[in-house]
Every structure is written in C-alpha cells, then in structure tokens.
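Here the structure is laid out as structure tokens; the discussion comes afterwards.
Keep in mind that the numbers below use all heavy atoms, side chains included, and drop hydrogens, waters and symmetry copies.
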Amino acid sequence: IGVLVTDGADADTIAALRSAAAEEGAIVEIVAPTAGGVDASDGSVIPGKQIDGAPSVVFDAVAIVAAAGAAGVLAANPAARDFVSDAYAHCKFIGLTDGAQPLFAAAGLGGEGTADGGFVDLGEHSAADFVARCRQLRFWDRQRAMAAS
C-alpha cells in the first residue's frame, strides 16, 4: 500500500495503516513530496520515497494522508496528481483523509461521478476496514462505470 503523505500528516492514521497492513501481511510504503520525508503531526519525521520515483502503479492500493491545508503542495505537483489519477484509472482502492480533497480536485477526481465504493474516507472508516477492502485488489465496479460513460 502506497501512502502519500504531507507535512503535518496524522501520525495516528499512519500508524493505524501500518498496523492494519501488518495484520494482513501487507507492506506500507510511505511516499512523500520530497526525498527528506515529512514532519508528522506528532513532530516525528517520517521518511519516504519521493513521489517522482514512486508512482501509484507500483502499489496494489493507495492512501493519501494529508494535513488540512497541506494538500495544496501536492495539488501543484504533477507527479502527485498522476499518483491519484492513475490509481483511480487502475481501479485501485483509495484511502483518504479530508485534507486530501484539494489533490483530488486538482486531478479532476472527487466530484459526483468519480467518488465510488473504492474510495475509503479514513476519518469515517478504520484503517483495518480500508485494508480489509483492499483484499479484493481492485474495485472493478469503477471499470464498468468508466466503460459505460
């Protein structure tokens, strides 16, 4: 699971994703806007792969854990926009926090018609629920909906 993060990303959400993934035998890879990683909400530094070298195509599922107001940095980054638009096009499950909305808007996603059952709001659902949904590997209903439109 590729987890795209911003400075101020909620450390508890990231820890919950890592724990839930470990329970399933899955691996979480942190993806950050820069090679140095990000400063999490608890003040810790979370190292990660730089977004330019870690596109969503290399992950089975993705999550975007963005602090409120910080996703603008991602929204301005073409690689970050591609990260979410490619994940959507490849029917991946996508976990997200409220702070991620500007990135989805910049990528042309998140409005009516694009948000579907493959999107999991991590503020409303547990990390364990998101990871359990990822067992299906893809949200194929999205592909059928895209083909019908």
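Contact record, Ala66 with Ala71: CB-CB, 4.1 Å, taken as the closest heavy-atom pair. Residues Gly36 and Val45 approach most closely at O-CG1, 4.2 Å, considering heavy atoms. Counting all heavy atoms, side chain and backbone alike, Asp86 lies closest to Ser56 at CB-OG, 3.5 Å. The two residues Ile51 and Pro33 come nearest to each other via the heavy atoms CG2-O, 4.0 Å. The shortest heavy-atom contact between Pro78 and Ala76 is CD-O, 3.5 Å. Nearest heavy atoms, Pro55 versus Gly53: CD-C, 3.6 Å.
The closest donor-acceptor contact from the side chain of Asp7 to the backbone of Asp39 lies under 3.5 Å. With hydrogens and angles disregarded, no donor-acceptor distance shorter than 3.5 Å links the side chain of Ser44 to the backbone of Ala40. A distance-only check finds no donor-acceptor pair linking the side chain of Arg138 to the backbone of Lys92 [under 3.5 Å].
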### Steps toward side chain to side chain contact (heavy atoms under 4.5 Å, CB included) verdict (Phe119, Arg142)
CA-CA 10 Å; Phe119 284 81; Arg142 184 180 303 141; 3.9 Å; yes
### Task
Output, in order, the C-alpha distance, side-chain angles, deciding distance and verdict of side chain to side chain contact (heavy atoms under 4.5 Å, CB included) for Asp121 and Asp98.
CA-CA 8 Å; Asp121 184 329; Asp98 284 342; 3.7 Å; yes
### Task
Just do the side chain to side chain contact (heavy atoms under 4.5 Å, CB included) check on Leu4 and Val62 with the steps written out, would you?
CA-CA 8 Å; Leu4 179 58; Val62 301; over 6 Å; no
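The structure places CG of Leu103 at 9.0 Å from CG of Asn77, a figure rounded to the nearest 0.5 Å. The line from CG of Asp42 to CG of Asp12 is 7.5 Å long, rounded to the nearest 0.5 Å.
Residues Phe83 and Val57 are members of one and the same hydrophobic cluster, defined by side-chain heavy-atom contacts under 4.5 angstrom among Ile, Leu, Val, Met, Phe, Trp and Tyr. A single hydrophobic cluster is not seen to contain both Val73 and Leu109; linkage of ILVMFWY side chains at heavy-atom distances under 4.5 Å, directly or through other members, places them apart.
Within the 4.5 Å cutoff, no side-chain heavy atoms of Asp116 are placed close to those of Asp141. Here the side chains of Val84 and Ile94 are not in contact, with every heavy-atom distance at 4.5 Å or above.
Under a 4.5 Å side-chain heavy-atom criterion applied to ILVMFWY residues, the cluster that includes Val131 comprises Ile1, Val3, Val5, Ile14, Leu17, Val28, Ile30, Val38, Ile46, Val65, Phe93, Val120, Leu122, Phe130, Phe139 as well.
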Tabulate below the donor-acceptor pairs under 3.5 Å that side-chain atoms of residues 19-27 make, not counting sequence neighbours, or state none.
| residue | atom | partner | partner atom | Å |
| --- | --- | --- | --- | --- |
| Glu24 | OE1 | Arg135 | NE | 3.2 |
| Glu24 | OE2 | Arg135 | NE | 3.3 |
| Glu24 | OE2 | Arg135 | NH2 | 2.6 |

